[in-house]
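The structure displayed is predicted, hence computed values, not measured ones.
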Amino acid sequence: MCSHTRPKAVRTGRTGRPRSAEADAAILDATRAALVELGWSKLTMGDVATRAGVAKTTLYRRWANKNELVVDAVAVLFDELELPDRGSLTADVQGVVLQFAALLNRPETKTALMAVVAESTSDDALRVRIRSAIVDRQKRLVVEGRERAQARGELPYEEDSEEAARNTDLIFDVVAGAVVHRALVSAEPVDEEWARRFTLMLVSGIGSLQS
């Protein structure tokens, strides 16, 4: 390259001002607060914009509709989940189960998650967005937990990547399904004893998947 030649600017796909992380956070906070107060049917983009202190045009530059906005507001909460390192697979799983249950117990999580799941039964695009923004992102916890257990010698390493992916999907479905059903459908507590018993059953099953 000649010394006087400038590199071409990288196009980002959107023009105008760059997104503000503070504005995004305010909008997502306002969305969750509005959901708790108003419910899905009464929630509007205009109400969220007012609560967040931004113009409605700012909102629509970021999210095309209410469905996308609410899913992202929920996804941010689930991104708070972390897999604790407690020294064993059983202890790690029990820790994340309790953390997940505590998150579901928060009014903003409970209201938002139930609302988007209900809407997704008749909206294929919303279902796809839930899968990509929440479900697929949170499978990282399963992958991390299994890799950590394999490094400790608690689980064997898997040679077949496709089989490993199928096992990851199954484990995630079992954990998410059980905890969500217990906390939100049955409305029963996910306490230390329930988490302990569930974890023992789950870890025993994980071992049989890889035997």
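Residues satisfying the ring-ring contact (aromatic ring centres under 6.0 Å, His included) test with F198, not counting sequence neighbours, are W194. Residues passing the side-chain contact (heavy atoms from CB on, under 4.5 Å) test with S120 are L126, R127, I130, sequence neighbours excluded. Every residue two or more places apart in sequence or in another chain that forms a side-chain contact (heavy atoms from CB on, under 4.5 Å) with A33 is listed here: R51. In this structure, the side-chain contact (heavy atoms from CB on, under 4.5 Å) partners of D29, at least two apart in sequence or on a different chain, are R32. Under the rule for a side-chain hydrogen bond (donor to acceptor under 3.5 Å, both in side chains), T111 has no partner lying at least two apart in sequence or in another chain. When the side-chain contact (heavy atoms from CB on, under 4.5 Å) test is applied to E193, the partners found at least two apart in sequence or on another chain are D191, R196, R197. By the side-chain hydrogen bond (donor to acceptor under 3.5 Å, both in side chains) test, E162 is found to be paired with no residue, residues two or more places apart in sequence or in another chain being considered. Residues forming a side-chain hydrogen bond (donor to acceptor under 3.5 Å, both in side chains) with D123 (at least two apart in sequence, or on another chain): N67.
Screening residues 102-120 for salt bridge (charged side-chain N to carboxylate O under 4.0 Å, His left out) gives E80-R106, R106-E108 as the qualifying pairs, with residues at least two apart or on separate chains. Applying the salt bridge (charged side-chain N to carboxylate O under 4.0 Å, His left out) test to pairs two or more places apart or on separate chains, those with a residue in residues 91-103 are D92-R148, D92-R152. Within the structure, every pair that satisfies the salt bridge (charged side-chain N to carboxylate O under 4.0 Å, His left out) test and touches residues 130-142, not counting sequence neighbours, is listed here: D79-R137, D136-K139, K139-D169.
Note: K56 NZ to T50 OG1 = 8.0 Å, rounded to the nearest 0.5 Å. If you take CG on L83 and CG on L141, they are separated by 6.0 Å, rounding to the nearest 0.5 Å. Interatomic distance, T109 OG1 to L104 CG, rounded to the nearest 0.5 Å: 7.0 Å. Atom CG of residue L202 and atom CD1 of residue I171 lie 6.5 Å apart, to the nearest 0.5 angstrom. Distance CG/L77 to CG/L113: 9.5 Å, rounded to 0.5 Å. Atom OG1 of residue T168 and atom CZ of residue R166 lie 11.0 Å apart, to the nearest 0.5 angstrom.
A salt bridge is defined here as a Lys NZ or Arg NE, NH1 or NH2 lying under 4.0 Å from an Asp or Glu carboxylate O, and E37 with K42 fails to meet this definition. Salt bridge annotation for D72-R62: absent, with no cationic side-chain nitrogen under 4.0 angstrom from a carboxylate oxygen.
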Only distances under 3.5 Å count here; give the side-chain donor-acceptor pairs of residues 174-189 to other protein atoms, sequence neighbours excluded, each with its distance to 0.1 Å.
unit_1	atom_1	unit_2	atom_2	d
H181	ND1	S186	OG	3.3
R182	NE	P189	O	3.0
R182	NH2	P189	O	3.2

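Taking all atoms of both residues into account, the shortest heavy-atom contact from K66 to S41 is NZ-O, 4.3 Å. Contact between L89 and G145 at its shortest, heavy atoms only, is CD1-O, 4.1 Å. Among all heavy-atom pairs drawn from A112 and V74, the shortest one is CB-CG2, 3.2 Å. For the residue pair A26 and A52, the shortest heavy atom distance occurs at O-CB, 3.8 Å. Here the closest heavy-atom approach between residue W63 and residue M45 is recorded as O-CE, 3.6 Å. Nearest heavy-atom pair, W40 versus A115, reported as atom, atom and distance to 0.1 Å: CE3-CB, 3.6 Å.
By the 4.5 Å heavy-atom criterion applied to side chains, V48 and T44 are not counted as neighbours. Under the 4.5 Å side-chain criterion, counting only non-hydrogen atoms from C-beta, Q150 is not in contact with P156.
A donor-acceptor pair is defined here as one N or O able to donate and one able to accept, closer than 3.5 Å; no such pair exists between the side chain of S204 and the backbone of M201.
The cluster map of Ile, Leu, Val, Met, Phe, Trp and Tyr, joined by side-chain heavy atoms under 4.5 Å apart, puts V71 and V128 in different clusters. With hydrophobic clusters built from ILVMFWY side chains whose heavy atoms lie under 4.5 angstrom apart, V93 shares a cluster with L170. Both V117 and L81 sit in one connected hydrophobic cluster of ILVMFWY residues. Membership requires side-chain heavy atoms under 4.5 Å apart, directly or through other members. Under a hydrophobic-cluster definition in which Ile, Leu, Val, Met, Phe, Trp and Tyr are linked whenever side-chain heavy atoms come within less than 4.5 Å, directly or via other members, L155 and F172 are assigned to the same cluster.
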